[in-house]
Structure formats: structure tokens, C-alpha cells
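We count residues from 1, following the sequence as given. Whatever order the structure lists ligands and atoms in, that order sets their numbers, starting from 1.
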Amino acid sequence: MSQREPHHGTTVSSAQADTAAQVAQWLAQARHVCVVTGAGMSAESGIPTFRGTDDSLWSRFDPQQLATAEAWRADSELVWGWYRWRMAGVQRAQPNAGHCALAALAARHGSVALVTQNVDDLHERASSTVAAHVHGNLFALRCFDCGHPHDAPLAPCAPDSTPLRLAPPVCGHCGGQVRPGVVWFGEALPADAWHAAVQAASDCELMLVVGTSGLVHPAAGLPALARRHGARVVEINPAPTALAPSVDWAWRATAATALPALLACLEGSVPDP
Ligand code: NAD
Ligand code: ZN
């Protein structure tokens, strides 16, 4: 099946409504659904994405300086300061209408596996069960040196508009430095989470891919994997992405508009124009 855009010659809102109705039909028919989310899922909660906008994180900082084990070894205060600033931003944020609609949609459908690349906790705070956090979780702190989990509360962080250098917490087990629980460039994905993601992608009949640029591997291979197993793949993203060859239908809309519209269709009501 080729990638299709909503029809021309209709108003945007009626094209969006047509798309919502079509995707809702596929969703209702699918026995198993897999939803893969990326940073765009949380953009409307005010959490910057890595790529795609002028205020995205990679346009303001160099990832090689901040999201690698080498960067940590070279300057852990710089890296910890950046992650502590990101944690504070997530703690101030709230789940958006897309997160909430996804939780309601999964409850209604009954067999939705949610795989996220996000390291925030907004899906959980919207009452979703996350099958796999394939890139870890900002708040699952552990020691860089011995790997021991770190549960002690963090010192409060001022709501600064830019990150400040900050000494990482000290591990209570070995006295080493505590790092965020995310997967850095060059690191392996958590085996259990990746296994669950592959299982969900292989088993689903419909995959919704929401707010990911499709550039970070191996997660970016999940839509192609689903398709090889016969699933239909629908992308929800306001901009074109590298996933185009693996996508059956590209729904050009944001997470917080498309997912509530989809839920409204499933519930049989008419979404707001
Ligand atoms: P990315 O930053 O590479 O791409 C973001 C994508 O979201 C783009 O394709 C953009 O067009 C799309 N987008 C922007 N606004 C959107 C909206 N309102 N609705 C739907 N889509 C929207 O993100 P990625 O592909 O997830 O990158 C991978 C890495 O980014 C992951 O490792 C993830 O851990 C990390 N990340 C996570 C967070 C978070 O946890 N909230 C934030 C930034 C980055
Ligand atoms: Zn330790």
C-alpha cells in the first residue's frame, strides 16, 4: 500500500475528520494494536523535542557533549545539570489531550501495547500502562560506577530557562556518581523493554506511530518490523519523517489533536471541528 495524504479539495477539518473516521475503523477491526510514541507526543505538554523545531533540544545543545558516556566522563556536572533541568521541566509539565486520549483509547480497545521512546512519565501520569520504555526513564536514577539504583530525593531545582552546571548526587552504595536512567548514544537498549517492543510490533495488526522522527535506531525499525508481519502502519506527525517508506497512511496532525479525534470517532461522537 502506498503512503497517502488526506484528500485535496476538502476543508482541512473535514479531511481530518475523514482520516480520524478511517483510522478509527482500522483500530476497531484490529485485534492487537501497538502504539509507538516519540518526543512529539509530549511537545504539546511543553517538553521540547530533540529535532524538528528551532527550540528543539538538539538545536540548542550538542548531543555528543551531553548524551554519551564519554560526555559524562569528561564533564559530569555539565551533563547532570542538563538532565536535572530536563527533569524539572517534565515535573512541571502535565499530560496533554493526546496522552489522555491514548489512555482512554487503550482502555476501550483492550489490546493496545504502548511502546515509548520518551524518557518522561507523562503516559503513566495520564493512566496509561507502558509496555516498554525503550530509551529508559529520566527518573530511574542509578550509579554510573556500580549501577546501584538511587532512590534518595533530589535537591530542588530552580525553574531556570537554561541548564546550570550541577554536581551529580553521590551513590550511597559506592560513593560514585549518580546518572539519569536514560539510554545514551552508543549504549544498548534495556533488554526487557526491547524484547517487549519487538513482540508488540510483531503481534499487532495496526501500529500507530506518534511524534517520532524515525532517526534513532533500533527503535526507528519498529514500524518496518510491524509491516513485515502484516500490520497496517499509521503515522501521526505534523511533518514528514524518515519513516515514509514504512508507513501506509501519514496523518498530518499533532498528537493532541489527532488522538482525541480518534477517540471521539471510536466513541461514536463527532469531534470538534
Ligand atoms: P525527535 O525529537 O527526533 O523528533 C520529534 C518528532 O516529533 C518530529 O518528527 C516532529 O515533527 C514531531 N512532532 C513535533 N511536534 C509534534 C506534535 N505536537 N505531535 C506529533 N508530532 C510532533 O524525537 P524522537 O524520534 O522521539 O527522538 C528520539 C529521542 O528523543 C528518543 O531517544 C527520546 O528519548 C528523546 N526525547 C524524549 C523526550 C521526552 O521524553 N519527552 C524529549 C526529547 C527527546
Ligand atoms: Zn555506586
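Of the possible donor and acceptor atoms, one in the side chain of Thr212 sits under 3.5 Å from a partner among the backbone N and O of Gly214. Side chain of Asn118 to backbone of Asp120: no donor-acceptor contact under 3.5 angstrom is found. Asp145 places a side-chain N or O within 3.5 Å of a backbone atom of Gln177 that can act as its donor or acceptor partner. Although no hydrogens or angles enter the test, the distance criterion places no donor-acceptor pair under 3.5 Å between the side chain of Arg108 and the main chain of Leu263. Judged purely by atom type and a 3.5 angstrom limit, Asp121 has no side-chain atom pairing as donor or acceptor with the backbone of Leu138. The backbone N or O of Leu141 sits nowhere less than 3.5 Å from a side-chain atom of Arg179 that would complete a donor-acceptor pair.
For Val216, every heavy-atom contact with ligand 1 shorter than 4.0 Å involves the side chain, none the backbone. Contact annotation: for Ala39 versus ligand 1, heavy atoms closer than 4.0 Å belong to both the backbone and the side chain. Counting heavy atoms closer than 4.0 Å to ligand 1, residue Ser213 contributes atoms from both its backbone and its side chain.
In this structure, Phe144 and Trp184 have tilted ring planes: the angle between them lies in the 30° to 60° band.
The heavy-atom pair separating His109 from Ser111 by the smallest distance is ND1-N, 3.1 Å.
Considering backbone and side-chain N/O of Ala239, none are found under 3.5 Å from N/O of ligand 1. Considering backbone and side-chain atoms alike, Ala253 places every N or O at 3.5 Å or more from each N or O of ligand 1. Looking at Arg86 next to ligand 1, no N or O pair under 3.5 Å apart turns up. Geometrically, ligand 1 and Thr212 share a nitrogen or oxygen pair separated by less than 3.5 Å. Among the atoms of Thr241, none of the N or O lies under 3.5 angstrom from an N or O of ligand 1.
Between Thr241 and Glu235, the closest side-chain pair of non-hydrogen atoms falls below 4.5 Å.
Those atoms of ligand 1 that come under 4.0 Å of a heavy atom in Asp120, given as number and element, are 39 (C), 40 (O), 41 (N). Residue Gly211 has at least one heavy-atom neighbour below 4.0 Å for each of these atoms of ligand 1: 5 (C), 6 (C), 7 (O), 20 (C), 21 (N). Per-residue contacts place Ser42 under 4.0 angstrom from the following atoms of ligand 1 (heavy atoms of the residue considered): 41 (N). Remark: ligand 1 atoms within the under-4.0 Å shell around heavy atoms of Thr254 are 17 (C), 18 (N), 19 (N). For ligand 1, the atoms closer than 4.0 angstrom to any heavy atom of Glu44 are 17 (C), 18 (N), 19 (N). Interface atoms of ligand 1 facing Gly38, defined by a heavy-atom separation under 4.0 Å, are 26 (O).
The shell of residues lying under 4.0 angstrom from ligand 1, judged by heavy atoms, includes Ile47. Not close to ligand 1: Val210, with no non-hydrogen atom less than 4.0 angstrom away. Heavy-atom separations between Pro48 and ligand 1 include at least one value shorter than 4.0 Å.
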Kindly list each side-chain donor-acceptor pair under 3.5 angstrom involving residues 189-200, sequence neighbours excluded, with atom names and distances?
none

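Counting only N and O atoms by type, the side chains of Ser45 and Ser42 include no donor and acceptor under 3.5 Å apart.
Separating the CD atom in Glu124 from the NE2 atom in His133 is a distance of 3.5 Å, to the nearest 0.5 Å.
With respect to Arg227 and Asp248, a salt bridge is recorded, a charged nitrogen being found less than 4.0 Å from a carboxylate O.
Around the Zn ion (ligand 2), the protein contributes the following N, O or S atoms under 2.8 Å, ordered by chain and number: Cys143 SG, Cys146 SG, Cys171 SG, Cys174 SG.
Within a 6.0 Å sphere centred on CZ of Arg31, other residues, nucleotides and ligands contribute 12 heavy atoms or fewer.
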